[in-house]
Amino acid sequence: MPKIAIDPITRIEGHLRIEAQVDGGKVAEAWSSSTMFRGMELVLKGRDPRDAWLFAQRI
Amino acid sequence: MEDALGIKVPDNARIIRNLISGIQCVQDHVIHFYHLHALDWVDITSALKADPGETSKLAQSISPWPKSSAAYFKTVQDHLKKFVESGQLGLFANGYWGHPAYKLPPAANLMAVAHYLEALDWQREVIKIHAILGSKNPHPQTYLVGGMAIPLDPNSAAALNADKLALQRQLLVTAKQFVDQVYLPDVLAIAPFYKDWAGYGAGVGNYLSYGDYPIDTTGDPARLWLPRGVIVNRDLSRVHPMDHKQITEFVTHSWYEYGDGDGRAKHPWEGETNPKYTGPKPPYEFLQTDTKYSWIKAPRYNGLPMEVGPLSRMLVAYASGHKAVKAAVDGALKALGVGPAALFSTLGRIAARAIETQVMAGELLAWHDQLVANIKRGDLTIHNGERWDPATWPREAQGWGFHEAPRGALGHWVRIKDGAIVNYQCVVPSTWNASPRDAKGQRGPYESSLLGTPVANPSSPVEILRTVHSFDPCMACAVHVTGPARQPITRIQVA
């Protein structure tokens, strides 16, 4: 069974990797992985909650 | 914040938020279809072989859109030929052109390429509404806890005035015309060539919508224009109520660790973000998918993986009896000669997005008129500042904010203590859809939807792209790393 990895998936916003096991011309198993750490939650800790929207809308 | 502190926003702020989000949804869906997804279905090189006269006949048979003469399509084709002959395909350089999975006749391919180019101009125009209401796009700047920071005054040059509102209405008409006369007819014309894709890509079969676009300022979830609810196991006869407390996130297969072990899922109010990369050192061939393999957590509702996005919203609205959605969905299904079960598919996801755009583009004009009517009768209120001062806040508070973003259900959870954020957790649409497996080994929506997808040639897997793109993935649109002195963090050489 050939296993393939598509990385990066293009024509999207961000970084996505798909791994798939192909059996008899069909996908038999698949895994979705984001290869980028975002960390917005850590950026917001300790800040004035009135500013949260301006940071969080960048996601 | 508004949920945590019990703040109600004024009616004008409600409408302006709906307009900003609504036009974003319309623009985003069109960009997704033409610029991010169409090339999985449309073969650019085949468009070169088209007879512009046939393309013209096809275009005029599906729509009254005026740019449809043979001469027009000939111009587009000549442009494309020049690109190809110069060896500079530019935007179109990387594609699986000539792959046997491409089924459109040359005439349809040329029509789609023409509309791809037209959509580039159109999207730049219609999003000027964000410049009017939000000062810029992307990332409008006029939000404010308690309302909006945009003065309303029909007679002031520095406010949202009569001139700007007139321009806004004109842009909304432009938006609606393109959706009605180009986008939706194109989807309905292309879909019959790919009917087998109504049988692939179904995925987890559970659909979640938070609902959105409040129709009044009560904060009552029953007063959302797009309804809230959950559909389980493709059962359209029952829409379950949605309770955000049933949402939890696993990190069993994600590069994070929880303080009390990775087996248990956590509600976002209790959520933790402790990154712990355990994957292979790049460059690597494959990930260790039996352990942790993604930077995305695995959100579950009542323990189940959920698809979010236009298909979920349209299914929840359809099953809830939403009049405009029901009419639009039934119209599209009739045009394609299929039943509602066809919606549980890659093709269904694409159709639902176009249907939602059509319904939304119509509703935006009504919201615009409501705003104008409020202003005309002298209601210029835009912000509720009662709880702006942290001295008015309780010592501790927690809340959740929800939105139906173009790509799906978006939730942020916040806990506030002594005027500062102590915990903030975002579960965004692609967290749901791109989720890895959970502690029970249940696959996420992308993973499930790919099972059974045909792959004619594993080295040109256009079929996998079709299904993944049908979800409109967005991992993080605009997270950039920069130092305080704007010095470079790292340099990357692209060969």
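Just the heavy atoms: all of them, side chains too, but no hydrogens, waters or symmetry mates, feed the values below. So you know, we letter chains A, B, ... as the sequences are listed, proteins then strands, and number each from 1.
Note on Gly452(B), Pro454(B), Ala434(B), Ala456(B): by heavy-atom pairs under 4.5 Å with chain A, the leading option is Gly452(B). In terms of heavy-atom pairs under 4.5 angstrom with chain A, the leader among Pro436(B), Gly444(B), Pro138(B), Pro275(B) is Pro275(B). Contact tally against chain B (heavy-atom pairs below 4.5 Å) for Val22(A), Leu16(A), Asp48(A), Ile6(A): the top residue is Leu16(A). The candidate from Ala20(A), Pro2(A), Ser33(A), Ala52(A) with the greatest count of non-hydrogen atom pairs under 4.5 Å with chain B is Ser33(A). For chain B, the option among Glu41(A), Arg47(A), Lys45(A) with the highest count of heavy-atom pairs below 4.5 Å is Glu41(A). In terms of non-hydrogen atom pairs under 4.5 Å with chain B, the most contact-rich of Leu54(A), Val43(A), Val27(A) is Val27(A). With chain A as the partner, the residue from Leu144(B), Leu410(B), Leu39(B) showing the most heavy-atom pairs under 4.5 Å is Leu39(B). Most heavy-atom pairs under 4.5 Å with chain A: of the set Leu36(B), Asp472(B), Ile296(B), Asn433(B), this distinction falls to Leu36(B).
Heavy-atom distances place no part of Glu463(B) under 4.5 Å from chain A, backbone and side chain included. With a threshold of 4.5 angstrom between heavy atoms, His35(B) approaches chain A through N, CA, C or O but not through any side-chain atom. Contact of Gln21(A) with chain B is not made at all, since no heavy-atom distance falls under 4.5 Å. Contact annotation for Tyr277(B): neither backbone nor side-chain heavy atoms come within less than 4.5 Å of a heavy atom of chain A. Interface remark: Ile4(A) contributes backbone and side-chain atoms alike to the contact with chain B (heavy atom separation under 4.5 Å). Looking at Leu451(B), the atoms closer than 4.5 Å to chain A (heavy atoms on both sides) sit in the backbone and in the side chain alike. Interface residue Leu44(A): backbone and side-chain heavy atoms are both found under 4.5 Å from chain B. If you measure heavy-atom distances from Gln57(A) to chain B, the contacts under 4.5 Å come from both the backbone and the side chain. Heavy atoms closer than 4.5 Å to chain A are found nowhere in Val414(B), neither backbone nor side chain. For Pro140(B), the parts lying near chain A are the backbone and the side chain together; criterion is any non-hydrogen pair under 4.5 Å. In this structure, the portion of Arg437(B) lying under 4.5 Å from any heavy atom of chain A is its side chain and not its backbone. Neither the backbone nor the side chain of Leu5(B) comes within contact range of chain A, judged by heavy atoms closer than 4.5 Å. With a 4.5 angstrom heavy-atom cutoff, Leu465(B) touches chain A only via side-chain atoms.
The two atoms that bring Thr35(A) and Trp295(B) nearest to each other are C-CD1, 3.4 Å, heavy atoms only. Taking every heavy atom of both residues into account, Thr142(B) and Trp53(A) meet most closely at N-CH2, 4.4 Å. In this structure, Arg17(A) and Phe286(B) approach most closely via the heavy-atom pair NH2-CA, 3.7 Å. Here the shortest heavy-atom pairing between Ser32(A) and Tyr293(B) reads O-CE1, 3.3 Å. The shortest non-hydrogen separation linking His139(B) to Arg58(A) is CE1-CA, 3.7 Å. The shortest non-hydrogen separation linking Leu42(A) to Thr273(B) is CD2-O, 3.4 Å.
The backbone N or O of Thr10(A) lies less than 3.5 Å from a partner atom in the side chain of His469(B), making a donor-acceptor pair. In this structure, the side chain of Arg50(A) engages the main chain of Trp388(B) through a donor-acceptor pair within 3.5 Å.
Environment of NZ in Lys276(B): sparse, with no more than 12 heavy atoms of neighbouring residues, nucleotides or ligands closer than 6.0 Å.
A distance of 4.0 Å separates CD of Glu29(A) from CZ of Arg443(B), quoted to the nearest 0.5 Å. Distance check, rounded to the nearest 0.5 Å: OH of Tyr284(B) to CG of Asp7(A) gives 5.5 Å. Atom CG of Asp290(B) sits about 9.5 Å away from atom CH2 of Trp31(A), to the nearest 0.5 Å. Within the model, atoms CD of Glu13(A) and CD1 of Ile31(B) stand 8.5 Å from one another, a figure rounded to the nearest 0.5 Å. With rounding to the nearest 0.5 angstrom, the CZ atom of Arg11(A) is 7.0 Å from the CG atom of Asp40(B).
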Assess the residue pair Val428(B) and Met40(A) against the criterion (side-chain contact (heavy atoms from CB on, under 4.5 Å)); give the C-alpha distance rounded to whole Å, side-chain angles, the decisive distance to 0.1 Å, and a yes or no. CA-CA 12 Å; Val428(B) 307; Met40(A) 188 57 82; over 6 Å; no
